[in-house]
**Q** 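Sending over a structure as structure tokens; questions will come in a sec.
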12 protein chains.
Amino acid sequence: MTLLVINGPNLNLLGQRDSDIYGTMTLAEIEQKIQERARELGTEVAFFQSNSEGALIDHLQQEAPGSQGVIINPGAYTHYSLALRDTLANLQVPIIEVHISNIYGREPFRRRSVTAPVVRGQISGLGWRGYLAALEYLVASREESP
Amino acid sequence: MTLLVINGPNLNLLGQRDSDIYGTMTLAEIEQKIQERARELGTEVAFFQSNSEGALIDHLQQEAPGSQGVIINPGAYTHYSLALRDTLANLQVPIIEVHISNIYGREPFRRRSVTAPVVRGQISGLGWRGYLAALEYLVASREESP
Amino acid sequence: MTLLVINGPNLNLLGQRDSDIYGTMTLAEIEQKIQERARELGTEVAFFQSNSEGALIDHLQQEAPGSQGVIINPGAYTHYSLALRDTLANLQVPIIEVHISNIYGREPFRRRSVTAPVVRGQISGLGWRGYLAALEYLVASREESP
Amino acid sequence: MTLLVINGPNLNLLGQRDSDIYGTMTLAEIEQKIQERARELGTEVAFFQSNSEGALIDHLQQEAPGSQGVIINPGAYTHYSLALRDTLANLQVPIIEVHISNIYGREPFRRRSVTAPVVRGQISGLGWRGYLAALEYLVASREESP
Amino acid sequence: MTLLVINGPNLNLLGQRDSDIYGTMTLAEIEQKIQERARELGTEVAFFQSNSEGALIDHLQQEAPGSQGVIINPGAYTHYSLALRDTLANLQVPIIEVHISNIYGREPFRRRSVTAPVVRGQISGLGWRGYLAALEYLVASREESP
Amino acid sequence: MTLLVINGPNLNLLGQRDSDIYGTMTLAEIEQKIQERARELGTEVAFFQSNSEGALIDHLQQEAPGSQGVIINPGAYTHYSLALRDTLANLQVPIIEVHISNIYGREPFRRRSVTAPVVRGQISGLGWRGYLAALEYLVASREESP
Amino acid sequence: MTLLVINGPNLNLLGQRDSDIYGTMTLAEIEQKIQERARELGTEVAFFQSNSEGALIDHLQQEAPGSQGVIINPGAYTHYSLALRDTLANLQVPIIEVHISNIYGREPFRRRSVTAPVVRGQISGLGWRGYLAALEYLVASREESP
Amino acid sequence: MTLLVINGPNLNLLGQRDSDIYGTMTLAEIEQKIQERARELGTEVAFFQSNSEGALIDHLQQEAPGSQGVIINPGAYTHYSLALRDTLANLQVPIIEVHISNIYGREPFRRRSVTAPVVRGQISGLGWRGYLAALEYLVASREESP
Amino acid sequence: MTLLVINGPNLNLLGQRDSDIYGTMTLAEIEQKIQERARELGTEVAFFQSNSEGALIDHLQQEAPGSQGVIINPGAYTHYSLALRDTLANLQVPIIEVHISNIYGREPFRRRSVTAPVVRGQISGLGWRGYLAALEYLVASREESP
Amino acid sequence: MTLLVINGPNLNLLGQRDSDIYGTMTLAEIEQKIQERARELGTEVAFFQSNSEGALIDHLQQEAPGSQGVIINPGAYTHYSLALRDTLANLQVPIIEVHISNIYGREPFRRRSVTAPVVRGQISGLGWRGYLAALEYLVASREESP
Amino acid sequence: MTLLVINGPNLNLLGQRDSDIYGTMTLAEIEQKIQERARELGTEVAFFQSNSEGALIDHLQQEAPGSQGVIINPGAYTHYSLALRDTLANLQVPIIEVHISNIYGREPFRRRSVTAPVVRGQISGLGWRGYLAALEYLVASREESP
Amino acid sequence: MTLLVINGPNLNLLGQRDSDIYGTMTLAEIEQKIQERARELGTEVAFFQSNSEGALIDHLQQEAPGSQGVIINPGAYTHYSLALRDTLANLQVPIIEVHISNIYGREPFRRRSVTAPVVRGQISGLGWRGYLAALEYLVASREESP
């Protein structure tokens with residue numbers, strides 16, 4: 001079983017600023033936490049980050065059909081990338097949208113997710129642990145629905 | 001360590017209808033799942049369900065200050081109970097808002113949560129497993145910030 | 001055959017004020033009119049009134065599944081109680097929403113009913129006779145679809 | 001006592017399509033049902049249907065003042081014909097607006113009635129029986145207010 | 001095979017004014033172009049123009065069921081005639097909506113078509129050739145789905 | 001010099017009701033006043049009233065090009081008839097829109113005129129004298145711009 | 001009989017620019033036209049212009065109660081001066097609001113008049129003749145309602 | 001003379017948190033201040049607090065008609081409880097709505113009071129002294145209008 | 001201790017009209033009531049009224065810094081004068097906004113106060129006594145926070 | 001004569017899913033159909049598809065000026081890419097916007113095209129034949145305006 | 001060459017408060033900086049500040065036509081003074097609007113400038129240096145377009 | 001000291017079209033003007049232009065932290081690129097947003113900048129000189145705040 005873990009624009013800078021909002025861990029450190037937990041759960045994970053909307057879409061089109069699920073933090077594209085939404089809606093594997101901060105407690109424009117309506121679920125505000133919760137959900141829900 | 005698990009209006013009927021949206025498990029069965037996982041994690045959980053906005057507020061005012069965290073699914077009150085929001089905003093323990101279905105993929109009025117801005121995080125669309133994810137987060141995040 | 005007749009907040013005060021809007025009959029008098037007509041139609045009716053949203057939901061959850069239909073005037077809850085809406089949407093018996101006054105000819109906020117989209121039909125502005133029309137409809141439509 | 005029964009655009013096609021929404025009876029069959037019930041109540045009814053806004057207004061201006069009440073299903077004109085609204089507002093006989101389907105459970109544009117604010121009452125979602133309920137109301141309320 | 005070509009209000013004045021927007025050809029000249037192309041394609045076409053909403057609805061109700069498709073330019077009724085929309089939604093033949101000018105490049109009110117959601121397709125801004133494109137589409141798509 | 005005086009829906013009932021809003025004069029009496037003043041000014045006037053949008057458009061298309069100006073009270077069509085607007089916009093003679101009552105002091109929907117942007121001027125709230133003011137303006141402005 | 005003729009901000013510059021919108025006559029020339037017509041009608045007129053909202057209010061408070069009517073072109077204050085609106089609403093003499101250009105054919109913000117709801121009538125788009133029409137109306141309507 | 005002093009949801013927690021917004025006094029301390037001032041003014045006061053919308057309505061229906069006035073701080077129900085609004089609108093004694101904080105200087109949703117339109121007056125932002133001001137007003141205005 | 005009492009546009013006409021809304025007392029009489037109560041409380045008060053936005057701002061800039069508090073009824077400027085808002089926001093003395101009528105029970109535009117967010121508190125609907133309540137609050141709150 | 005045929009994000013996946021909306025043909029098959037028809041018309045066509053907004057803009061800037069026309073299906077960028085709009089607006093060759101599905105019959109966000117106002121025309125809902133119609137239009141209209 | 005430097009309401013208080021937003025320099029100090037730079041550039045500058053909308057309009061009407069350009073900071077009038085907008089739109093000299101703070105990073109109401117659409121350019125957030133930038137631009141652009 | 005000068009989509013085509021809006025200078029010519037002025041001020045500047053949102057973000061993430069300031073014209077991304085906004089918000093060097101044309105005098109969608117709230121200042125409508133003004137500001141403000 002392979003899961004994709006996709007991060008969108010500016011998430012490559014995690015840990016460098018606004019640590020009160022996003023925490024102090026870098027993306028590499030978070031990916032390592034996910035890697036470790038995935039190993040415990042007997043799952044493979046493949047990571048990808050890009051600041052480019054087109055590159056995110058290309059990657060999802062190519063890699064997601066061969067995976068068993070997608071964990072995606074679309075960053076600011078969450079709020080307006082209808083192209084990304086179409087790509088996600090097109091996939092047949094389960095998708096969990098993750099946001100490190102609680103997007104509902106910040107600026108008004110962050111409260112609207114154009115991608116949320118087409119994914120399985122959304123986790124917001126649990127910090128880096130949100131990725132782990134998504135990982136555990138995808139593994140657990142797969143085990144039960146053979 | 002004690003955590004409150006609060007469910008709002010109509011959630012006492014889980015499993016009886018709309019199982020394509022909310023699944024087939026009853027509230028009692030979900031609470032048992034939570035109970036079991038809590039035992040594994042060495043945590044106590046206390047359950048409460050009410051259809052009454054006032055009763056939910058009374059309960060939270062009385063029990064939450066003595067707990068170490070709150071997991072709440074406010075049901076339809078999510079979308080308009082500013083009184084419940086004020087109660088939650090008043091608490092000093094971490095709160096996770098849980099929705100069984102993906103509220104962002106349903107009717108427009110379900111996409112606005114008036115309580116989300118004052119809680120720590122929100123989990124939506126993970127079915128009954130959303131409660132477990134909230135539980136695990138509250139236990140894990142507490143262990144690390146002594 | 002038993003039908004529930006439910007009245008929401010402030011309807012216990014019918015006949016006491018604003019008689020140009022709501023008429024001069026008290027709720028007890030209206031219930032008697034309904035009772036009499038029900039007897040003629042060979043139907044039983046059970047009455048309930050409460051100012052409490054939670055109590056209305058509790059009552060519907062407990063009594064409606066055993067009935068053959070619901071006549072409900074949700075009072076001001078018509079305009080914002082999404083919790084009541086969810087309860088009504090959950091029921092499998094036919095429901096008729098009744099308003100004594102023509103809610104479309106009054107303040108703008110009264111023109112939006114959040115419960116109307118999930119009921120069978122709505123009668124507005126026929127005074128206390130609206131309850132009778134609902135009663136007759138439920139009895140007649142039941143007779144034809146055995 | 002004579003009552004007008006007016007039907008607006010496309011209602012001449014009742015029973016031909018969308019029977020899940022509008023039922024399987026034709027307009028002629030519904031008019032016959034109304035006719036029969038009117039006879040039982042000792043009332044005369046006069047029917048009129050047109051797809052033309054102007055023709056509906058002409059008819060109402062000429063016939064309604066000599067009648068004792070109007071039952072009108074304005075079809076789609078319900079939602080935008082301010083000219084028809086003015087005509088109805090001008091009348092001094094009681095008017096009941098009828099919709100076969102529950103207009104509050106369909107497309108958003110159907111939830112706004114520009115005619116409802118100027119009529120006595122509205123009945124929505126009771127199928128063809130809505131016309132009967134309107135008829136009975138007009139006869140009954142007239143008897144009591146001599 | 002017969003196709004209806006329907007034109008709404010003010011289109012009888014084509015070619016007389018605003019030629020920078022609508023071109024210099026009269027409606028008669030456009031109908032002749034359509035006629036010629038229809039002959040080449042072995043199809044019959046029947047033309048109708050009216051400034052009256054009711055007359056357009058009457059015509060469609062009577063003629064469209066016997067045709068194999070409708071090409072309609074509803075003129076200004078495009079933007080508000082919900083009655084016409086209901087008529088079109090009721091038809092079972094394919095319908096193409098045509099606008100001579102690009103309605104999305106003009107006044108804001110012209111950018112909303114209430115009829116577009118219930119037709120097969122829409123062609124806007126191709127001038128009189130838009131009618132030909134609609135004609136060719138209806139003939140071609142019919143040939144393939146016998 | 002000939003001027004058209006056009007009145008829209010329900011204006012044939014002037015003087016019969018709502019006299020506090022529209023005054024006590026009938027349309028015939030107002031037309032006589034206009035006729036008298038026109039004679040004094042050496043101008044001919046031709047009157048037309050219809051409740052039908054299509055008939056108003058037909059009349060304007062046929063008669064207005066041969067006239068030297070149009071005085072029009074579109075009644076409720078003022079607020080939504082984009083078809084009538086297109087007809088007026090198409091004319092090359094000066095047009096004055098007249099409203100007997102002050103439409104800006106009544107219901108909100110009356111405050112928007114879709115025809116006003118395409119006419120020369122608008123007179124609102126001057127009662128039947130508004131027609132005279134329009135008449136005098138059209139005659140006077142014509143005299144000066146030969 | 002004395003009538004006030006009040007002009008608001010920037011109207012002192014009439015004739016100097018935007019003559020395609022406002023014409024080529026200066027305010028002084030327009031006032032002379034009004035003066036001449038007033039003399040013919042046996043009425044006195046008093047003129048006032050100011051760019052200051054406060055000065056316009058002061059003037060109206062002091063002079064209008066002693067007059068028999070007010071003709072006012074509030075310039076841009078038309079669109080937002082609620083203070084001026086209150087002053088006008090407070091007066092007991094008839095008021096006619098005049099706009100030289102057709103404010104409904106210009107920028108969207110000019111289409112809303114906050115003063116129009118509290119005056120007797122409004123004349124828009126008749127150029128400088130709008131003042132004359134207002135003058136004639138005030139004189140004529142006064143003569144008839146002694 | 002007896003006055004009711006009603007406090008809504010979460011006001012039982014006054015003084016425990018957000019003291020920069022609500023001050024440091026508990027509800028009991030504020031009620032004592034009101035009690036003392038009432039004694040000086042020779043008036044009786046009766047206190048009630050509830051987190052339940054229904055209980056607030058029940059209490060008002062039962063106690064307010066026998067009182068000479070109501071001082072109410074509806075807490076968060078201020079912003080959406082149309083049921084409470086109807087109850088208040090139904091009363092014939094004068095009502096003053098009090099808010100401890102300045103609700104117009106906080107979150108946007110707090111700036112709309114659905115109860116304010118049906119009460120005599122509103123006092124916002126004067127801290128606990130707002131209750132005293134309401135008390136003094138009710139006593140003083142009663143004395144003058146015997 | 002000196003307090004400013006500022007009144008905005010049209011308040012100089014208090015008592016002359018709309019006495020059902022604003023009462024029958026003139027501004028002079030109200031100022032005398034305030035004067036008397038101020039003397040009892042051992043405070044000086046300075047009065048100012050103007051219809052001019054600029055004059056109100058000038059006065060506040062010059063006099064408020066030397067005072068110990070401001071009581072202001074901005075009249076219609078309440079609803080749009082962002083310039084006045086900036087002036088008030090700039091002051092460091094406590095400010096109470098007073099409205100004689102209940103602005104929340106009147107026209108929609110009166111329900112928005114652009115000044116309220118930057119003042120200490122607001123009193124609405126208490127008639128002339130609102131000024132006294134503001135006065136007493138400013139004196140009382142000053143005494144306690146030396 | 002060379003025409004560009006540009007397809008935006010996710011259109012490379014045509015035929016793989018949602019075939020009820022987009023049909024069963026792949027992009028390659030559609031391009032072949034276009035190619036064939038182009039040959040018949042004696043025109044060259046050059047194809048380009050990208051998921052990247054920037055790449056689409058780069059391509060258009062480089063290739064479009066040397067072409068005689070552009071057929072573009074911007075996919076989801078239709079609804080928000082103002083950058084693409086600026087590129088299209090900048091071109092001097094005719095542009096036809098094509099949508100395979102009827103975008104006016106789907107989710108609300110698909111009903112707004114930010115590119116449509118700057119192109120020559122739009123074809124929506126004609127399936128893959130929409131591209132052919134665009135091709136034929138561009139060839140035909142070019143032939144006539146040498 | 002003479003340039004006007006106009007400052008609107010509350011800008012006379014610069015340097016006295018909110019120095020984190022507006023800086024610590026007084027208006028006099030800023031005007032001196034402008035003066036010095038103007039001298040270096042060989043230009044004359046004339047300063048004016050007023051809190052009164054009418055006075056600003058009067059000044060602009062009288063002085064701007066004789067100048068070669070205007071630098072204006074309209075203060076809060078930026079957001080609603082349509083009268084000032086009309087005055088600026090009327091001028092034929094180039095105008096630069098300056099805001100000391102970044103108005104797009106503050107309260108929502110400050111993000112709308114009603115004057116910006118009619119000026120040459122706008123500089124926001126450059127502190128007092130914004131005036132210098134405007135000055136340099138006006139001088140430089142004049143030199144090049146003789 | 002090094003400053004970045006970043007230009008977004010379509011700005012590489014400056015000087016080729018719409019010269020009435022954007023002027024006749026090419027981007028290369030503008031960059032040379034900036035280069036020359038930078039040399040005079042003793043500053044280095046580095047230029048970058050891209051049509052790709054992702055490429056602009058990548059470049060800013062890599063180059064801006066090592067610079068002393070950023071001058072950016074985000075082109076159409078100004079109006080919707082929340083991803084670019086997040087990148088800019090993340091930077092700690094001062095940023096000036098530049099627009100060649102006055103974006104407040106064009107289409108409504110250009111009046112909203114999503115990036116403006118997170119930058120230091122914005123210059124709009126000064127043509128290519130806007131870049132120079134930004135450059136001079138960044139150099140001057142740096143010199144004073146060592």
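Note on naming: letters A, B, ... go to the chains in the order of the sequence lines (proteins, then strands), and numbering restarts at 1 for each one.
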**Q** Just wondering, more than 12 heavy atoms not from G:Glu107 lying within 6.0 Å of its CD?
**A**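 Enclosed: over 12 neighbouring heavy atoms sit under 6.0 Å from CD of G:Glu107.
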**Q** With a 4.5 angstrom heavy-atom cut-off, is it the side chain or the backbone of G:Glu136 that approaches chain F, or both, or neither?
**A**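 Contact with chain F is through the side chain of G:Glu136 alone.
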**Q** For F:Glu44, does the CD atom have more than 12 heavy-atom neighbours from other residues, nucleotides or ligands under 6.0 Å away?
**A**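 Count not over threshold, so no.
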**Q** Highest number of heavy-atom pairs under 4.5 Å with chain F: which of G:Gly105, G:Ser124, G:Gly130?
**A**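 So the answer, after comparing G:Gly105, G:Ser124, G:Gly130, is G:Ser124.
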**Q** Out of F:Val118, F:Ile123, F:Leu126, which one racks up the most heavy-atom pairs below 4.5 Å with chain G?
**A**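 Most heavy-atom pairs within the cutoff with chain G belong to F:Leu126.
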**Q** When you look at CD of F:Gln32, are more than 12 heavy atoms from neighbouring residues, nucleotides or ligands closer to it than 6.0 Å?
**A**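 Check fails, neighbour count at 12 or below.
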**Q** At their closest point, which heavy atom of F:Ala116 faces which heavy atom of G:Tyr104, and how far apart are they?
**A**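 The answer is CB-CB, 3.6 Å.
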**Q** How about F:Gln122 and G:Gln122: do any of their side-chain heavy atoms sit closer than 4.5 Å?
**A**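 In contact.
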**Q** Quick check on G:Ile103 against chain F: is it the side chain, the backbone, both or neither that has a heavy atom closer than 4.5 Å?
**A**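 For G:Ile103, there is no contact with chain F at all, as no heavy atom is under 4.5 Å.
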**Q** Do you know which two heavy atoms are closest between F:Val119 and G:Asn102, and how far apart they sit?
**A**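 What the structure gives for the nearest pair is O-ND2, 2.9 Å.
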